[in-house]
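Notes follow once the structure below has been shown.
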Amino acid sequence: MAKKLVIVESPAKAKTIVKYLGKDFDVKASMGHIRDLPKKNIGVDVEKNFQPHYVTDPRKKAVIQQLKNSAAKADEIYLASDHDREGEAIAWHLTHVLKKEIKDKPVHRIVFHEITKSALQEAVNNPREIDMKLVEAQQARRILDRLVGFELSPLLWRKIKPALSAGRVQSVAVRLIVEREKEIKAFEAKSWYRVQAWFTLEDDGQSYELKAESPVKFATEAEARALLEECIGTTFTISNIAKKPGYKNPSPPFTTSTLQQEASRRIGFSVSRTMRIAQKLYEAGHITYMRTDSVHLSKLALNMAKDVITERFGENYIKTRQYATKSKGAQEAHEAIRPTDMHNKVVSSDITEQRLYDLIWKRTLASQMKPATLERTTVVIDSTQRPAMLTAKGEVIVFDGFLKIYADRKGAAISDTLLPPIAVGDILNLQKMEADERFTQPPARYTEASLVKKLEELGIGRPSTYAPTISTIQKRDYVEKKDKDGIQRKFTLLRLEENHVRHHEKTETVGAEKSKLFPTDIGGLVNDFLTKYFDDVLDYNFTALVEKEFDDIADGNMEWHQMLKEFYTPFHKKIEDTQQEAKKFKGEKLLGNDPVTGKPVFVKIGRFGPMVQLGATKEDEKPRFASLPPNKTMEDCTLEDVVDLFKLPRTLGQFEGHDVIVSSGRFGPYIKCNKSNYSLQKTDDPFTIELDTAIKRIREKREADKQKVIAVFEDGDIQLLNGLYGPYMVVKGENYRLPKGTDPTTLDLAACKKIAAETKPSNKRWRKKK
DNA sequence: CAGTGAGCGAGCTTCCGCTTGACTT
């Protein structure tokens, strides 16, 4: 029987397809790219017209072997990788890696956008050749990224510090964060005054409140005060009530980027967590593919949404729509992210999986529901002296539409802002009038999700790389995700009370931040260096510009070697010039002179990151160094913040015949005594701590260690210990897990040796590195 | 986890985009 092999990218997709294709077909997954440039060296022969040197990934060995076996058995091969630039390249690489196995066999390239029997049939019936233009565009993309990354990074190692990295995507991501921080620093809040009034109304024995605001903002306290004073003893009348219909439309179904944003905003997931959970839902068959830039829904999905909405909410809620993808550089190889079967509202007993699914389910159905209809009311209130002095606003939902399942952007529950029963000509009873000082807001720091949004807008990065990019810039210490406490700010409140305008000083907490991205000193320095010498690559439009050229290559309007040459020649010259001319980039800053020694104190970036230096480098005496205090940056630390650092190490006295020394290490201050180290408590101040407290800490540590030890054999060569994750065994420095269900207290020497002989030590490479 | 930071020099680091496990403390 004729056997046809279909190769797709994802194993989950393979599993689904095989059901539709029948017995003649064998379906296998390539698991993404199977060949790439080598990891260790640049792998591009620039002299020979940018000849790439591809190697197969050693971790993909098993996958490739399987593909080879299947290909050898098949009579006909269908390369069904995704319908985009990378997918085309995967198909082409497959023909090379499987060269022997597919020799003399018909090889077809097929693409499909929906996984349905008819779509698959149609794809199989309409095979084509591999589009070499598209493959060349991918190669140009790959090679350009390699050249940029592998020439810029080593320059950073030489000029700034080892193990740094730069690239077309990550460096722009860092730049966005660094520049946003500069904007925030440079921002000066301006204040203005808002006037609000509260009225009481009686109707049918019921009492209501009406809140109104002045449509005019006041620049100064004096102006606001003048208005309030004018209102002493005045009469307020409703002069107009205007009603206007309004609409709210649902958002399109999810793409990777919008899913990440909404999951962050509504359920507080980090970008990587969202992707991990979405992957699980995808593998279980609950949602369509989660790495997509398309808002397109298949016909099948549109019909299913219609059915489910009718069933649950009635026909009146249906409005079928197909959304158009607007984002720059979208390749639309997949559908939007949606439930595979919208009849299922609950698909997992895992709470986090279900929460994410629920969000996808609601967003998808909402996108196929009618807009919400609103009635917006504006009430105009005149004072005796001033027409239209105040306005009050109300909003009522006439028809909820999609809001029935998907609340609007703020994520707040849907609630009407109801106005009390009122009519034109009503005279209002003033209860309270206030003018409070408001401030203009600085630009907001990025969250992981809002950075993804910005990158997508700029056309930088792809759905498969948003999460990894965010983690790379954090791993490199360019950026850190942290919280910031708010600060107290004074503001003025004027209140009209008892026919007087009184002045009150109030305070409020502002500027508190949670899980925001802050640039580090290193991030700032690397960005300064790159924007100074490589402004073109760091330009926000660089990606868009080269993408245009990749498209030209794909359309046959540009030759790929030529494109690379035009970029690389000036780029490489700049690399060489910078290599020659640029001095070491240390970001050195003089803070002042040390009050004790009179020597200059600097902050700068060294091999291990930011540090403080006491004394100039060229002097006879070697300068002293110290790490910055925790939570301080080079940017914001002062001389006072750092002079104490040089008081360490301090010798406090003796304990058990050894010096007790307080010192500062990689992980902050600690106590050293007889070759052992002991942590300080958070409340201990290393500069003032005394001997008795230090001895107490030493005893505490010893006590804790005793608790940790379950048993010791062979002079400490074999130890049974209590760890963070339960009991484990250490044999000559190697850690071993205990077999499940073992009670460690029952183990004797022989039993320990047996475990050590039978199990492998835990892999140490997983430790270290963050 | 633990006293880093000049000088010397070997040997290391690094990109983006497509996929999923393997794996531990």
Side-chain angles (χ1 to χ4, degrees), chain A residues 8-13 29-37 39-44 57 59-60 62-63 81-82 84-87 89-90 93 138 141-158 161-171 279 282-283 289 291 331 333 460-466 468-469 472 476 543 586 604-613 615-619 621-627 648-649 661-672 675-679 723-726 728 735 737 762-768:
Chain A
V8 294
E9 290 182 41
S10 151
K13 198 172 180 177
S30 77
M31 310 259 200
H33 277 292
I34 50 160
R35 275 201 325 184
D36 191 13
L37 299 172
K39 258 184 135 55
K40 288 282 164 197
N41 50 61
I42 201 155
V44 178
D57 183 342
R59 286 175 319 179
K60 284 273 173 72
V63 174
S81 45
D82 293 347
D84 59 15
R85 198 163 65 201
E86 299 296 326
I90 288 173
H93 281 299
Q138 192 275 345
R141 197 281 303 154
R142 180 66 191 93
I143 293 167
L144 180 130
D145 281 336
R146 173 51 70 98
L147 292 171
V148 169
F150 274 45
E151 295 208 355
L152 274 183
S153 302
L155 192 62
L156 296 181
W157 306 341
R158 285 194 203 101
K161 124 184 170 68
L164 295 176
S165 67
R168 173 177 58 83
V169 173
Q170 58 168 288
S171 296
Q279 174 90 29
Y282 168 67
E283 283 169 13
Y289 196 56
R291 291 188 273 264
Q331 310 211 358
I460 298 172
R462 303 277 312 131
S464 68
T465 61
Y466 295 137
T469 300
T472 298
R476 297 270 175 281
T543 290
K586 293 179 178 158
K604 61 190 214 183
I605 297 231
R607 274 198 292 152
F608 308 107
M611 61 169 170
V612 192
Q613 177 179 335
T617 309
K618 293 256 165 74
E619 282 172 13
E621 206 180 328
K622 191 182 152 177
R624 294 186 62 196
F625 302 96
S627 296
L648 297 181
I661 301 163
V662 184
S663 194
S664 177
R666 170 105 172 69
F667 303 95
Y670 67 101
I671 301 161
K672 203 176 140 99
K675 290 180 194 161
S676 292
N677 303 315
Y678 307 88
S679 295
L724 206 54
Y725 303 91
Y728 67 103
N735 292 2
R737 295 172 94 171
S762 311
N763 200 339
K764 273 195 180 162
R765 277 176 313 171
W766 285 92
R767 299 171 54 201
K768 267 304 224 206

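Residue numbers begin at 1 in each chain, while the letters A, B, ... track the order of the sequences. Just so we're clear, the structure is a prediction, and the values are computed from it rather than from any experiment.
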Okay, side chain of [X], backbone of [Y]: is any donor-acceptor separation there less than 3.5 Å?
X	Y	result
A:Glu283	A:Ala12	no
A:Asp82	A:Asp84	no
A:Lys60	A:Met31	yes
A:Arg146	A:Ile42	yes
A:Gln613	A:Gly615	yes

May I have the distance from [X] (atom [atom1]) to [N] (atom [atom2]), rounded to whole angstrom?
X	N	atom1	atom2	result
A:Gln613	B:dG5	CD	C1'	8 Å
A:Lys39	B:dC16	NZ	C1'	12 Å
A:Arg168	B:dC15	CZ	C1'	9 Å
A:Arg59	B:dG17	CZ	C1'	13 Å
A:Arg607	B:dG9	CZ	P	14 Å
A:Glu9	B:dT20	CD	C1'	12 Å
A:Asp145	B:dC18	CG	P	11 Å
A:Leu144	B:dC15	CG	P	15 Å

Any [X] side-chain nitrogen or oxygen under 4.0 Å from OP1 or OP2 of [N]:
X	N	answer
A:Arg624	B:dG3	no
A:Tyr289	B:dT19	yes
A:Arg85	B:dC18	no
A:Ser464	B:dC18	yes

On DNA chain B, does the nearest nucleotide to A:Lys161 precede the nearest nucleotide to A:Tyr282 from the 5' side, or the other way round? Give the residue.
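Mapping each residue to its closest nucleotide by heavy atoms, the 5'-most match is A:Lys161.
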Checklist entry - Taking the nucleotide of DNA chain B with the closest heavy atom to each, which residue, A:Glu86 or A:Ala166, is nearer the 5' end? => result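 The answer here is A:Ala166.
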Option passing side chain to side chain donor-acceptor pair (under 3.5 Å) with A:Glu86 (candidates A:Arg462, A:Gln331, A:Gln138):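 Output: one option passes, namely A:Gln138.
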Reckon [X] touches a base, only the sugar-phosphate, or nothing at all at heavy-atom distances under 4.0 Å?
X	result
A:Ser153	base
A:Pro11	sugar-phosphate
A:Gly87	nothing
A:Leu164	sugar-phosphate
A:Thr543	nothing
A:Val169	sugar-phosphate
A:Gln138	nothing
A:Glu151	nothing
A:Gly32	base

Per [X] side chain, nearest of listed nucleotides [options]:
X	options	answer
A:Asp84	B:dT14, B:dT20, B:dC18	B:dC18
A:Glu283	B:dT14, B:dG5, B:dG21	B:dG21
A:Ser627	B:dG5, B:dC15, B:dG17	B:dG5
A:Ser10	B:dG5, B:dT14, B:dT20	B:dT20

Nearest 0.5 Å, what's the CE-OG distance between A:Met611 and A:Ser627?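 Separation between the atoms: 9.5 Å.
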query = Who passes salt bridge (charged side-chain N to carboxylate O under 4.0 Å, His left out) against A:Asp145, sequence neighbours left out?
reply =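 With neighbours one apart ignored, the set is A:Arg141, A:Arg168.
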Any stems for DNA chain B, made of 3 or more Watson-Crick or G-U pairs in a row, each with both distances under 3.5 Å?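 So the stems come out as none.
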Original post:
Would you call A:Phe608 stacked on B:dT4, i.e. ring centres under 5.5 Å apart with the planes less than 30° off parallel?
Top reply: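 Here A:Phe608 fails the 5.5 Å or the 30° condition.
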With a 3.5 Å cut-off and no angle check, do the side chains of A:Arg476 and A:Ser165 form a donor-acceptor pair?
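Yes, because at least one side-chain N or O of A:Arg476 sits under 3.5 Å from a partner of the opposite role on A:Ser165.
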inquiry  = Counting distance alone, no hydrogens or angles: does the base of B:dC15 have a donor or acceptor under 3.5 Å from a partner atom on the side chain of A:Arg142?
reply    =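 Yes, the side chain and the base share a sub-3.5 Å donor-acceptor pair.
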**Asked** Is the base of B:dC16 touched by the side chain of A:Arg462 through a donor-acceptor pair closer than 3.5 angstrom?
**Response**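 Not at all, since no donor on one side and acceptor on the other fall under 3.5 Å apart.
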